[in-house]
Every structure is written in C-alpha cells, then in structure tokens.
Colleague: 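Before I ask anything, here is the structure I am working with.
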Number of protein chains: 2
Amino acid sequence: MNIFQMKAFIETAQAASISKAAHHLHLTQPAVSQQLQSLEKCLGHQLFLRSNKGVKLTEYGNIFYSYAQSFITLWENLQNDLATVEENHTSLRIGTCAAIGQYALPCALYLFKQKKPQLSVSVQSFPSLQILGQLREHSIQIGFIQNGCDLKDFNYSPVLKSRFILAAPPSTTVTSLDLTDLHTIPLICSSDDSDLKKALRLSLLEYGFELNLLTPLLELDGIESIKSTV
Amino acid sequence: MNIFQMKAFIETAQAASISKAAHHLHLTQPAVSQQLQSLEKCLGHQLFLRSNKGVKLTEYGNIFYSYAQSFITLWENLQNDLATVEENHTSLRIGTCAAIGQYALPCALYLFKQKKPQLSVSVQSFPSLQILGQLREHSIQIGFIQNGCDLKDFNYSPVLKSRFILAAPPSTTVTSLDLTDLHTIPLICSSDDSDLKKALRLSLLEYGFELNLLTPLLELDGIESIKSTV
DNA sequence: TAATGTTACGGTTGTCGTAAGAATC
DNA sequence: GATTCTTACGACAACCGTAACATTA
C-alpha cells in the first residue's frame with residue numbers, strides 16, 4: 001500500500017478508465033490494472049466495476065476515494081513543509097532550452113514567484129544536451145529540454161506539446177501545401193545543430209519525411225531571426 | 001513510499017532505536033534500517049542521527065513525525081470505515097484455543113463489544129490445529145492459537161505471552177526447585193495431545209529439557225481439572 | 001474493427017534474512 | 001565483550017512492459 005497506488009486509483013476514478021489513467025501516469029494499461037488489483041487485494045474490497053466501456057466506482061471505491069484524496073493532500077503538504085524548512089534551497093537553479101525559455105517559461109515563472117516570493121530563481125538557456133549534463137552534476141535543479149534526447153536515468157515528465165508552423169511572408173498566395181512540395185519552395189530554417197531542427201527532423205520522420213534531404217535557401221540561428229527574415 | 005515504512009519510522013522514533021523497533025515490528029534490524037534509508041532517500045532528507053547508542057530525530061525527522069502519525073491515523077480510520085460499511089460482516093466468528101478462550105478472551109471481548117455494540121460475535125473453542133483449518137475455509141474469521149503451529153500462509157501476530165506455573169498443594173514445603181528435580185516428584189499435567197502440553201514441551205526444550213522423559217502421576221484434560229486435583 | 005478490460009511471461013528492481021564489518025561503551 | 005548501526009549478498013517477491021486474449025459496441 002503506497003502513495004503511488006492511491007494516485008493511480010484517483011486518476012483512474014477521475015478518468016473512469018484504466019487506459020486513460022495509465023496514459024496520464026505515463027505507464028502501460030496493464031501496469032495500472034495490476035496496481036489497482038493490488039490495492040483492492042490490500043483493502044480487501046473491490047473498488048471498481050469493470051466493463052468494456054471503462055470502470056465505475058463501487059460503494060467501497062467511493063469511500064476510499066475521499067480517503068485517497070486526503071492521503072495525496074497530506075503527502076503534498078508534507079513535501080511543501082519539508083521544502084520550506086530547507087535553508088540551503090532558498091534559491092532554485094533552472095536550465096532551459098531556448099524555445100521554452102523565450103516563450104512558455106517567463107509567464108510560468110511569474111506565476112510561480114507569486115506562490116513562492118521568498119525563493120530566488122535563476123534561469124539560463126542552453127542547448128538541450130548541455131542541460132542534461134548540468135542536471136547530472138546538480139549545477140541546475142530543473143531542466144527544460146526539447147524532444148529527442150536520451151532521458152534514461154532522469155526523472156522527467158512532458159510539460160508542453162507544440163506544433164511546427166510553416167511561416168510564409170504576407171505576400172504569399174499558396175493556400176495548401178503537401179510535405180513533398182517542400183522541395184519546390186525556397187526555405188529558411190534553423191541551423192543544423194539547433195534543438196529546434198533536431199525536433200523538427202524527428203517529427204517529420206514520423207510521416208516518413210527525411211528533412212536532411214532538403215537544401216534550404218538559408219540557415220539561421222534562432223526563431224526570432226527566422227521570423228524577421230520571412 | 002508506503003504506509004509500512006511510516007509505521008517503521010514511528011516505531012523507531014518512539015523507541016529511539018532501530019533494533020528495538022525491529023523487534024516490535026517482527027523484523028530483523030537490517031530490514032528496518034533499510035526501510036528507513038529508503039524513506040530518507042524518498043523524502044530527500046535525513047530523518048535520524050545515528051549513533052552507537054541508538055538514533056535521534058533530526059529537524060526534518062520531527063516534521064515528518066507529525067505527518068507520519070497523521071498518515072497512520074488516516075489509514076486506521078479508513079480501515080474502520082470500510083469495515084463498518086461491510087453489510088455481510090455484522091457478525092464476527094472467532095475460534096480460540098481453550099487457554100485464551102477461558103481466561104484472556106472474555107474480558108477482551110467485553111471491551112470490544114462496547115466499541116462495536118451492533119456486532120454479533122460468536123466464539124467457539126477448538127484445538128489449535130483445528131482452528132487453522134477453520135481459518136483456511138473461512139468458517140471463522142479470527143483464530144487464537146497456542147504456540148508451536150506452522151503459521152505459513154497465515155497472517156498472524158502474537159497477542160499474549162504467558163508463563164508456565166508449577167502449582168503445588170497448600171501443604172507443600174518445597175521453596176525452590178530445579179528442572180532436573182521434576183523427575184523426583186509426583187506430577188499432574190495435561191494429556192499428551194493438548195495444546196498446553198505441546199507448548200510446555202516446546203518451552204522446556206529451549207532449556208534443553210525433554211518433557212516426554214517424565215512419567216507423570218496423572219494426565220488430566222483441562223487446566224481447571226488439574227487445579228482441582230492439586 | 002476499435003475500444004475496453006484481463007492474464008501470461010520475462011527482465012528488472014525491491015525487500016527480506018543471514019552474515020560480517022565498524023564504532024563505541 | 002556487548003551493543004549499536006551499516007554493508008554485502010543471495011533468495012524471493014513485486015512491478016513494469018510486451019504480447020496475447022476476451023468481451024462488447
């Protein structure tokens with residue numbers, strides 16, 4: 001009987017589905033199913049009614065639901081309490097890739113500072129691979145990176161999904177475009193070793209498209225430069 | 001992070017000693033030590049200051065102590081709640097060996113009934129081995145037995161330690177007695193297949209004494225009969 | 001067929017007990 | 001030496017992911 005099983009239970013109850021909960025928890029569906037079975041065995045009561053349309057809480061499940069929420073809340077408060085007593089951690093060091101650091105992070109950081117005003121936060125931008133190295137040596141405590149890195153041995157969770165936008169100048173007359181048409185138009189994209197291009201290449205590979213076969217008109221470093229040029 | 005680790009933590013904090021806590025928890029000392037280390041790793045803080053005189057709570061340990069107590073209380077209330085909702089369990093069937101059933105259980109049962117007045121409790125006495133069989137087939141829900149049974153596959157916990165008393169008639173003049181002297185005096189003890197005699201034999205074996213070598217004057221069934229005869 | 005769930009199985013990780021080590025009274 | 005806690009190691013159980021299966025809209 002552990003805290004994580006309670007989290008799995010709550011996720012499942014809220015989603016009314018083991019598969020959906022598994023997805024939220026970044027686990028496979030059988031794994032969550034197993035945890036719930038273990039939980040039921042431990043409590044000695046069936047918590048869910050299973051069907052092929054999902055799951056529903058039993059009477060016992062409803063009782064346990066309120067307790068599980070209490071457990072989670074207690075757990076979160078505990079962690080807050082332990083963290084605030086931490087004298088040496090009045091500062092938080094964050095490393096981030098350029099994309100997150102320029103757009104998503106500033107707003108999130110502003111909201112975070114309102115909740116923890118006494119905490120001094122430092123943020124620096126680096127390429128994703130470099131951030132992983134800094135995490136390994138504890139020179140930063142949190143890192144934001146872009147997809148396509150080997151995250152073995154790290155605690156991680158996805159925080160943002162973004163789409164790639166093909167930006168055209170205002171004068172353009174093209175209204176629809178196929179991937180194969182990319183060969184035919186003059187392109188400007190970021191330079192080869194940038195995080196952005198790596199992620200873009202990975203995404204396009206999922207559609208069977210090899211980005212490296214393109215010969216762009218220009219290669220620029222940084223999204224803002226590209227936007228200006230277009 | 002599980003409930004049991006918190007129990008281990010609380011036991012250790014209260015006993016200010018890992019060894020003593022391990023004894024209370026029916027575990028070995030290294031096992032508890034390992035659980036506490038796991039707990040500290042999970043929380044990210046050292047909870048105890050170790051020394052060769054025992055352990056002492058750190059500042060973080062003190063914070064966690066109050067939380068751990070809350071967790072345990074929450075856990076116990078949960079189990080109570082789940083149990084009281086149980087419609088089919090408004091009756092509790094208990095099997096017990098004679099020794100417990102005649103002396104310790106009636107008082108305990110009286111106190112228990114005050115806490116759960118709506119619960120109907122049935123108690124029947126059987127030999128210890130028979131009780132294990134009834135537990136296996138769920139014909140009783142709780143069993144009290146005497147030492148010396150194979151408890152594999154059962155959930156069990158010691159509830160009572162008792163001493164064996166050598167009872168002599170009021171007229172006796174003997175003031176001290178060695179185990180080896182047992183051969184020289186006329187003995188009355190319970191019959192061979194009784195739980196009591198089995199337990200007595202096991203206990204005496206720990207002192208290197210084989211009870212079966214004695215040839216008692218009388219073998220009677222039941223403590224009350226023996227007391228009368230003496 | 002696509003969605004839900006479960007069961008089976010192999011590899012990895014966690015947990016226990018035994019045994020041995022280190023430190024202190 | 002006795003007591004304290006820790007570390008090392010082997011056996012066993014728990015847990016996750018893959019794969020295969022069952023059921024139903």
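Just so it is clear, the structure is predicted and the values come from calculations on it, not from any experiment. When reading the values below, keep in mind they use all heavy atoms of this one structure, side chains included, and skip hydrogens, waters and symmetry mates.
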Colleague: Under 3.5 Å, which donor-acceptor pairs do the side chains of residues 1-8 of chain A form with other protein atoms, sequence neighbours left out?
Modeller:
from: N2(A); atom 1: OD1; to: F4(A); atom 2: N; distance (Å): 3.2
from: N2(A); atom 1: OD1; to: Q5(A); atom 2: N; distance (Å): 2.8
from: Q5(A); atom 1: OE1; to: N2(A); atom 2: N; distance (Å): 3.3
from: Q5(A); atom 1: NE2; to: Q35(A); atom 2: OE1; distance (Å): 2.9
from: Q5(A); atom 1: NE2; to: S38(A); atom 2: OG; distance (Å): 3.0

Colleague: Just compare dT6(D), dT15(C), dG5(C) and give me whichever is closest to any side-chain atom of V55(A).
Modeller: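 Within the option list, the nearest is dG5(C).
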Colleague: Which residue, K41(B) or H26(B), contacts DNA chain C at a nucleotide closer to its 5' end, judged by nearest heavy atom?
Modeller: K41(B)
Colleague: Report, one pair per line, the protein and nucleotides 22-25 of chain D atoms (nitrogen or oxygen only) whose separation is under 3.5 Å.
Modeller:
from: dT24(D); atom 1: O4'; to: N52(A); atom 2: ND2; distance (Å): 2.2
from: dT24(D); atom 1: O3'; to: N52(A); atom 2: ND2; distance (Å): 3.2

Colleague: Just how far, in rounded Å, is P of dT7(C) from CD of Q35(A)?
Modeller: 15 Å
Colleague: Please work out which residues in residues 3-19 of chain B have a non-hydrogen atom less than 4.0 Å from an atom of DNA chain D and list them by number.
Modeller: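 S17(B), I18(B), S19(B), in order of number.
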Colleague: Name the closest nucleotide to the L27(A) side chain, picking from dG17(C), dT15(C), dC16(D).
Modeller: dC16(D)
Colleague: Rounded to whole angstrom units, what separation is found between the CD atom of Q37(A) and the P atom of dC16(D)?
Modeller: 12 Å
Colleague: In whole angstroms, how far is the P atom of dA19(D) from the CD atom of Q29(A)?
Modeller: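 From Q29(A) CD to dA19(D) P: 15 Å.
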Colleague: Are the side chains of Q14(A) and Y65(A) in touch, meaning some heavy atoms are under 4.5 Å apart?
Modeller: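 SC-SC contact between Q14(A) and Y65(A) confirmed.
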Colleague: Just the rounded figure in Å: distance from C1' of dT4(C) to CZ of F48(A).
Modeller: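 Going from F48(A) (CZ) to dT4(C) (C1'), I get 14 Å.
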Colleague: Between E40(B) (CD) and dT6(D) (C1'), how many Å, whole number?
Modeller: 12 Å
Colleague: What is the distance, rounded to the nearest whole Å, between atom CG of L36(B) and atom C1' of dC16(C)?
Modeller: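 Whole-Å distance recorded here is 14 Å.
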Colleague: Taking the side chain as everything from C-beta on, heavy atoms only, tell me whether V55(A) gets closer than 4.5 Å to L36(A).
Modeller: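 Not touching, per the 4.5 Å side-chain cut-off.
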Colleague: Restricting to pairs with a member in residues 8-44 of chain B, which pass ring pair (Phe, Tyr, Trp, His ring centres under 6.0 Å), not counting sequence neighbours?
Modeller: F9(B)-F48(B), F9(B)-F64(B)
Colleague: Under 4.5 Å between any side-chain heavy atoms of T12(B) and L47(B), yes or no?
Modeller: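 No - every pair of side-chain heavy atoms lies 4.5 Å or more apart.
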Colleague: Write down the distance between CG (L25(B)) and C1' (dC16(C)), rounded to a whole number of angstrom.
Modeller: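 Checked: the CG to C1' distance equals 13 Å.
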Colleague: So, OP1 or OP2 of dT4(D): does either fall under 4.0 Å of a side-chain N or O from K20(B)?
Modeller: yes
Colleague: Does atom NZ (K113(A)) have a neighbourhood of more than 12 heavy atoms from anything else shown, all under 6.0 Å?
Modeller: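 Enclosed.
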Colleague: Polar pairs (N or O, both sides) under 3.5 Å between protein and nucleotides 8-11 of chain C?
Modeller:
none

Colleague: Could you measure the distance from the CD1 atom of I18(B) to the CG atom of L25(B)? Nearest 0.5 Å is fine.
Modeller: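 Rounded to the nearest 0.5 Å, the CD1-CG separation comes out at 11.5 Å.
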Colleague: Can you tell me if Q124(B) has over 12 outside heavy atoms packed within less than 6.0 Å of its CD?
Modeller: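 At most 12 heavy atoms, drawn from other residues, nucleotides or ligands, come within 6.0 Å of this atom.
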Colleague: Taking atom P of dT3(D) as reference, at what distance in whole Å does atom NE2 of H23(B) sit?
Modeller: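 One finds 13 Å between P of dT3(D) and NE2 of H23(B), rounded.
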Colleague: Nearest 0.5 Å please: distance from the CD atom of Q102(B) over to the OG1 atom of T96(B).
Modeller: 9.0 Å
Colleague: For residues 96-106 of chain B, which residue pairs pass the salt bridge (charged side-chain N to carboxylate O under 4.0 Å, His left out) check, not counting sequence neighbours?
Modeller: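 Qualifying pairs: none.
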Colleague: Within the 4.5 Å heavy-atom criterion, are F144(A) and I131(A) side-chain neighbours or not?
Modeller: no
Colleague: Rounded to the nearest 0.5 Å, what separation is found between the OG atom of S70(A) and the CH2 atom of W75(A)?
Modeller: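 The distance works out to 15.5 Å.
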